[in-house]
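What follows is a set of notes on a single structure, which appears directly below.
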There are 2 protein chains.
Amino acid sequence: MANLNAHGDRAGDGKPSPTSSRPTVHRPATVKDVAKLAGVSPMTVSRTIAGGQNVRPEIQALVLEAVQALGYHRNDNARRMRVNKGSGLVGVAITNLANPYYASFALGVEEVAAQHGVRIIIGSTGENTERERQLVADFLGRQVEGLVLVPAGGDSEHLQVQALGGTPLVLASRALEGVDADTVLVDDTGGAHAGTSALLKAGHRRIAYLGNAASVSTGHRRYAGFCRALEDYGVPLDPALVKRGQQDVEAAQISMTALLDLEDPPTAVFCANNRNTIGALKAIGARVQERGGIATGPAIVSFDDFELAELMPVPITIIDHDARQLGRESATLLFARMAPGGAIAATREIEMPTRLIVVRS
Amino acid sequence: MANLNAHGDRAGDGKPSPTSSRPTVHRPATVKDVAKLAGVSPMTVSRTIAGGQNVRPEIQALVLEAVQALGYHRNDNARRMRVNKGSGLVGVAITNLANPYYASFALGVEEVAAQHGVRIIIGSTGENTERERQLVADFLGRQVEGLVLVPAGGDSEHLQVQALGGTPLVLASRALEGVDADTVLVDDTGGAHAGTSALLKAGHRRIAYLGNAASVSTGHRRYAGFCRALEDYGVPLDPALVKRGQQDVEAAQISMTALLDLEDPPTAVFCANNRNTIGALKAIGARVQERGGIATGPAIVSFDDFELAELMPVPITIIDHDARQLGRESATLLFARMAPGGAIAATREIEMPTRLIVVRS
DNA sequence: CCCATCTTTGGTATCGTTACCAAACCCTAC
DNA sequence: GTAGGGTTTGGTAACGATACCAAAGATGGG
């Protein structure tokens, strides 16, 4: 509407940069640029953007026109710095975004974060402590207001309250010795015990175990629950049926194939997580196809639900828990601690219950 | 080692904040805090953190000790502002992080971003144009150096070069009319045509269609491919067999159940995406269970691969393409444009090929 | 012993934004 | 006409970090 007195020169356009003469590297517009174009002071621009309190409507129009013309967006980093508001970010470090389990988890965190008007910034550690350390450092450098972490395990120097400079931390899914932080776990031991017991009750005596590394707490705890159930039923543990340390589907499939190839193969398999379940099922599927589609194989107990479990050709029991809910709980704990006064309370450890779903037995 | 002359007071501790007397709200340490504690100037701290060029080793030790003591982490936002380096962030806006397809996609973007030392910041639009608009605005405010977006469709004012202030944008998976941006698509039409043709070649004549809304380009293009294949074989389209607009598994399952309940149900179903495939299979699975486990149902063609396809009780053909690769390609295009001089080139549209996998027919 | 050179250190200004203050302006009412 | 109130506007400083410059200290050669 109002026409601009176009001194349309962006600051810095005039002087032919003496250092590097690199071409058009997209420099975002600033309040000053807008102010110059609109013929007002930066403060007036700032006020207009902030809602226009005490700015004459016709001036606002001028400013907004300039904003449009330059494609200006307020630099939120600079703004937050001045206003001394937090960054509006929480860091989420998971092992692998491609694992649907952790993707759901991240979604749960995002949900709660969005409710608090906070954005999440995600990084994958790939189960690597060093990458985790870098990731956390980077997050802290970006002034995240809190951290949600699925710890890779190993050294935990970088997670001490001291090292975090007081930034709240929540550990999810896995516990970590010697780190004083809120933790949200799943009832790994109880769930594993219940799942294994279901197999035993159904009469199985040769039960294999497929799980992740003993070094991470879930691996440890789930294995413990598995063993305790066997003990309860007086069934001896056959070491040949225990495969631990598979991190991905391929490794799990290989381990499972080896189990199927045993002279005396297991009649049931306890899969300690999502990745191992899928791998085991793929191994069974390959066998099914070789044998001309006769749908059969050992019964499966899976720690973690997965899509289409009901369509599997073998009996499946699921130790279910909601990854998304785990994410929500973690985030809730985090925001509680980020709230004024939240830093004082003693750290909490929440254990989420599991639910046994017998898909088919 | 060197002992600190502990005037260990953090700035602002002394004066009892006159405004709000809120308790310990975690204020991160700054260079000044470190400098005071170490008894040196902020510059010396800055230099030490930056690598210690021209700082006496014993002073460095002092500084690092103070850094440890305070849990100091350099404020990267402030730093980047002064150094006039980009934010080291690219924004990724997808429809839903819980969809494994988009999670993989995000992972692909993250991979490439990590190679460039750039972090990604993720948000879900939930297929909602307004949320998309807000998300993009937020990202721009955070000074992202680039945007990767799976557009929700609808109005695209906020995606014009003008509105973005020149921040590079890559559209992924779906095209958008009237937006001048690099786009990475999948060969939707060709893939859908090939998949449908496979069904027709196998003798199917009553083929249903389950897909997402016609308003998004994938929905449009895949449907077009489907229709063209039918035409090629001279098979008339039965409107009763076409269900469009299902966004999630539940909706797809309901639609599929309706199809199964028809007097003259389809002998095959074309599922235009991941969510619809899973929903369709769940519907079939429910039917299978009702009928006492007799594994049978219509043949399925699925646009999008999914885990355990080989274990399904019905014949499955997959129109495969790698979401992660799609993410990688998108990110690669984005970084090309973010590079010096990259803004000049004409926008490109890449179409990734699909691959037909006959799991069982 | 002093000047030249190099290393070490600190002061100042700045990135983009806004809180705060002060000045200019507009009204109304006496 | 002017004092008193409100509204509108711009200047200045500061958030946390560092580029740049200048000063101080160390080193060495004559």
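Numbered from 1 within each chain, the chains take letters A, B, ... in sequence-line order.
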Expected rows: protein N/O vs nucleotides 11-15 of chain C N/O, under 3.5 Å:
unit_1	atom_1	unit_2	atom_2	d
dT14(C)	O2	R82(B)	NE	2.8
dC15(C)	O2	R82(B)	N	3.4

Euclidean distance, atom CG of residue L140(A) to atom C1' of dG16(D) [Å, nearest integer]: 16 Å

Under 4.0 Å from OP1 or OP2 of dT18(C): is there any side-chain N or O of S46(A) that close? yes

Whole angstrom value for the distance that separates C1' of dT17(C) from CD of Q143(B): 11 Å

If you measure only the distance, is there a donor-acceptor pair under 3.5 Å linking the side chains of Q134(A) and E130(A)? yes

R174(B)/E127(B) salt bridge by N-O under 4.0 Å criterion: yes

Quick one: are T44(A) and V55(A) in side-chain contact, heavy atoms under 4.5 Å? yes

Can you run down the salt bridge (Lys or Arg N to Asp or Glu O under 4.0 Å) pairs that involve residues 117-126 of chain B, sequence neighbours left out, and say none if there aren't any? D138(A)-R119(B)

Compute whether any side-chain donor of one residue and acceptor of the other, for D180(A) and T347(A), lie under 3.5 angstrom apart. yes

When all nucleic acid strands are considered with a 4.0 Å heavy-atom cut-off, which category describes N75(B): base, sugar-phosphate, or nothing? sugar-phosphate

Taking CD from Q53(B) and P from dT9(C), how many angstroms apart are they, rounded to a whole number? 13 Å

Could you state the atom-to-atom distance from CG of L70(A) to P of dG16(C) in whole Å? 14 Å

Between T44(A) and dG10(D), is there a side-chain N or O to OP1/OP2 distance below 4.0 Å? yes

Separation of dT18(C) atom P from N77(A) atom CG, nearest Å, is 12 Å

Output the single nucleotide from dA17(D), dT9(C), dT17(C) whose closest atom is nearest the side chain of V31(A). dT17(C)

Could you give the CD-to-P distance, from E58(B) to dT8(C), as a whole number of Å? 10 Å

Atom pair distance, as rounded to whole Å: NZ in K85(B) and C1' in dT18(D): 12 Å

Are E145(A) and T167(A) linked by a side-chain donor-acceptor pair shorter than 3.5 Å? no

To the nearest Å, give me how far apart OH (Y72(B)) and C1' (dT18(D)) are. 10 Å

Do any side-chain nitrogens or oxygens of R56(B) fall under 4.0 Å of OP1 or OP2 in dA26(D)? no

Quick one: do the E132(A) and H158(A) side chains pair a donor with an acceptor below 3.5 Å? yes

